[in-house]
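Quick notes on the structure that follows.
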Amino acid sequence: MKDPAAELRQAASDYKTTLEKMAQVQERLASHLAMLADELVRYGQPETAELLQQACHRHRASSIKCHAIVASLSMAD
């Protein structure tokens, strides 16, 4: 017979792991976007670079949110 509490704990653990991985992906994407934005500035395309910087900030914010959710779930353990 399955233990519902154990299944719930495993699901929460899996969720936290997935959120951490998503945060890492968001951070890497933000880093790459920032590098591309810098290149575009060097090539004289500041408007496009600004759009990439905005996307970079959104991905960093998403990463921070994922980390915050993981931290709050960890405190509840």
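The structure displayed is predicted, hence computed values, not measured ones. For reference, positions follow the sequence shown, starting with 1.
- Separation of atoms CG (Leu73) and CG (Leu19) is listed at 7.0 Å; rounding is to 0.5 Å.
- How far CD of Glu20 is from OH of Tyr15: 12.0 Å, rounded to the nearest 0.5 Å.
- Glu50 is linked by a salt bridge (charged side-chain N to carboxylate O under 4.0 Å, His left out) to nothing, counting only residues two or more places apart in sequence or in another chain.
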Determine all donor-acceptor pairs shorter than 3.5 Å in which one atom belongs to a side chain in residues 55-64; sequence neighbours excluded.
residue, atom, partner, partner atom, Å
His59, ND1, Gln26, OE1, 2.4
Ser63, OG, Ala23, O, 3.3
Ser63, OG, Glu27, OE2, 2.8

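- One finds the CG atom of Leu29 at 9.5 Å from the CE atom of Met22 (value rounded to the nearest 0.5 Å).
- Note that CG of Leu52 and CG of Asp38 are 10.0 Å apart. Values are rounded to the nearest 0.5 Å.
- Between the CG atom in Leu33 and the CG atom in Leu40 there is a gap of 10.5 Å [rounded to 0.5 Å].
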**Message:** One pair to check against side chain to side chain contact (heavy atoms under 4.5 Å, CB included): Ser74 and Lys16. What are the steps and the verdict?
**Reply:** CA-CA 8 Å; Ser74 295; Lys16 289 189 290 187; 3.8 Å; yes
